[in-house]
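Structure, as structure tokens:
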Amino acid sequence: MQLQNDLRVSRLGTHQLNTYSSLAMAQPAVLAFNIGAFVSTLFLLEFGADKFVTHTAVVASRIGISEVVIGVLTAGAEWEELAVVVASLAQGRSSIAIGNIIGAAISNILGAFSLGLLCYEKGTTLEFDRSSRIYSLVVLILTTVITPVVYLSTPITWIICGPILIAAFGLYFLLVAQSITRGVLVAPENSDDSDDDDDDDDDDDSTADSATGLLANNANASSGEFRRQRSRRTLAYHSLYLLFGFLAICLAGYVLSQAAINITDQLGISDVLFSIIVLAIATTLPEKFIAVISGYRGHPGIMVANCAGSNIFLLSLCCGIVMIDTKGTLDSGNVAVSELAVLWASTATFTATVWFGAKHARWIGGAMVVAYIAFIIVEFTVIHGIAE
């Protein structure tokens, strides 16, 4: 009997060894697949960002509303980040969820908004409108409130603040949606003037001959109706492409985040470090592409909406979901106070740039990029390198 048990244990050990050997052999293939998925998805991401920025500007001008408002509800909504947060919580990795929120908020400013400032056309004066200033101030206030709450991850504070943050996001979303509704009801520019011109032409033609005038009236009426139908189709066309670009951005961001998770998990990186740096960079690539394209094409409103709307989404809805789910108990530790300090300082710089620093935007953008690189180095070498 003892001999049979020894043989059974020996076979089990051999089976486990073969299993571990197979996993070790499969590891390069898994890494290669995820790296390939990561790189190939970048093309989809660039395509979606280009379509979104192009058609957002057209739609905003057609319906007579600020491009900032549209940008906040589309690119400003971090749907791919929300998917990552929910997936992390479902897998019991709440530290990844909160780290990704803080890291993405930092990356949106130091990594995305800064690139938009650098890519703005030289010799052109950068101007931020009233909506941009309001949104930047809202982000600063929200960040100032949420920073100590995240650091003091106690059950009482998180249980109270979680529902408040989600309710605040719902109110914010409804207010922005109401602004869009009011903008849509505004008649397109010069539409009434063109109709009046058609009527005047009809009257002039009718005075020449009754039969000819009747044909002219019918022809002009048909022409005016055709132009109105064409205008409606054109607006629908741009709106469809705007939605298509937005969906492509969300899909690309989700695939990139999943590929980054698989890659970094196999490398054994700390959850907080992995989420604040690697995962945050991966999931905010759409914001970086949008910031670069909107900055290059001279749309500062979209650039600000991209950053402000994203951080409002992250620090209200996403943070609220994490607080309700975890109740202050994280599986692998919370973010460090130094990381929260970087978040607040970068947000203050963002708001100050929008309000007062437009003339020095290029220099500020360069300083932000340098600061982000330094932050990444310190994260790997000091904050998590020595401590862990």
Side-chain angles (χ1 to χ4, degrees), residues 71-72 75-76 78 81 98-120 126 128 132-151 272-273 275-292 294-295 300 302-316 318-319 334-358 360-380 382-384:
V72 165
E78 291 274 10
E81 297 286 356
I98 193 64
N100 183 42
I101 292 171
I102 302 303
I106 294 173
S107 186
N108 283 334
I109 298 175
L110 298 183
F113 180 71
S114 60
L115 294 178
L117 296 179
L118 289 175
C119 293
Y120 206 81
L126 184 61
F128 297 106
S132 298
R133 294 188 178 94
I134 292 175
Y135 283 118
S136 65
L137 185 60
V138 170
V139 173
L140 179 59
I141 295 174
L142 178 61
T143 305
T144 303
V145 172
I146 204 66
T147 298
V149 175
V150 172
Y151 181 70
V272 177
L273 175 63
S275 57
I276 285 185
I277 301 300
V278 181
L279 186 57
I281 292 176
T283 53
T284 56
L285 282 174
E287 283 69 34
K288 294 177 177 63
F289 276 110
I290 292 176
V292 169
S294 57
I302 297 178
M303 190 168 62
V304 172
N306 175 46
C307 180
S310 296
N311 281 16
I312 292 174
F313 189 94
L314 288 168
L315 298 177
S316 57
C318 293
C319 249
N334 200 357
V335 294
V337 63
S338 57
E339 295 160 342
L340 293 172
V342 171
L343 171 62
W344 188 90
S346 60
T347 305
T349 304
F350 165 71
T351 304
T353 302
V354 174
W355 278 78
F356 311 108
H360 308 286
R362 191 175 299 275
W363 290 99
I364 295 174
M368 284 183 173
V369 171
V370 173
Y372 192 49
I373 295 174
F375 169 71
I376 293 174
I377 295 174
V378 171
E379 279 285 306
F380 277 100
V382 178
I383 298 178
H384 295 284

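Treat the numbers as computed from the prediction; the structure is a model and nothing was measured. Residue numbers start at 1 and run along the sequence shown.
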Q) What heavy-atom pair brings Met368 and Thr349 nearest, and what distance separates the two atoms? A) CE-CG2, 3.5 Å

**Q.** Derivation and outcome, side-chain contact (heavy atoms from CB on, under 4.5 Å), residues Leu115 and Tyr372
**A.** CA-CA 11 Å; Leu115 294 178; Tyr372 192 49; over 6 Å; no

Q: Heavy atoms only: give me the nearest Leu343-Ser346 pair and the separation to one decimal.
A: O-OG, 2.8 Å

(Q) Once rounded to the nearest 0.5 Å, what's the spacing between atom CG of Leu315 and atom OG of Ser310? (A) 10.5 Å

Q: Report the distance from atom CD1 of Ile98 to atom SG of Cys319, rounding to the nearest 0.5 Å.
A: 4.0 Å

(Q) I need the single residue from Asn306, Asn311, Val139, Thr347 that forms a side chain to side chain contact (heavy atoms under 4.5 Å, CB included) with Asn108. Which is it? (A) Asn311

Q. What residues, two or more places apart in sequence or in another chain, satisfy side chain to side chain contact (heavy atoms under 4.5 Å, CB included) together with Ala336?
A. Ser338, Glu339, Ile383

Q: Working to the nearest 0.5 Å, report the span between CD1 of Ile376 and CD1 of Ile276.
A: 11.5 Å

(Q) How close do Cys307 and Ile109 get, counting heavy atoms only, and between which atoms? (A) SG-CG1, 3.5 Å

Q) Taking all non-hydrogen atoms of both residues, which atom of Ser107 and which atom of Ile281 are closest, and how far apart? A) OG-CA, 4.4 Å

Q) If you round to the nearest 0.5 Å, how far is OG of Ser114 from CZ of Arg362? A) 12.5 Å

Q: Enter the distance from Thr144:OG1 to Leu140:CG here, rounded to the nearest 0.5 Å.
A: 4.5 Å

Q: Could you tell me which non-hydrogen atom of Gly99 sits nearest to which non-hydrogen atom of Ser275, and how far apart they are?
A: CA-OG, 3.3 Å

Q. Looking only at heavy atoms, what is the nearest atom pair of Arg133 and Trp355, with distance?
A. O-NE1, 3.0 Å

Q | Name of the residue among Leu117, Leu110, Ile364, Leu118 meeting side chain to side chain contact (heavy atoms under 4.5 Å, CB included) with Val369 | A | Leu118

Q: Classify the angle between the aromatic ring planes of Phe350 and Phe113 as parallel (below 30°), tilted (30 to 60°) or perpendicular (above 60°).
A: perpendicular

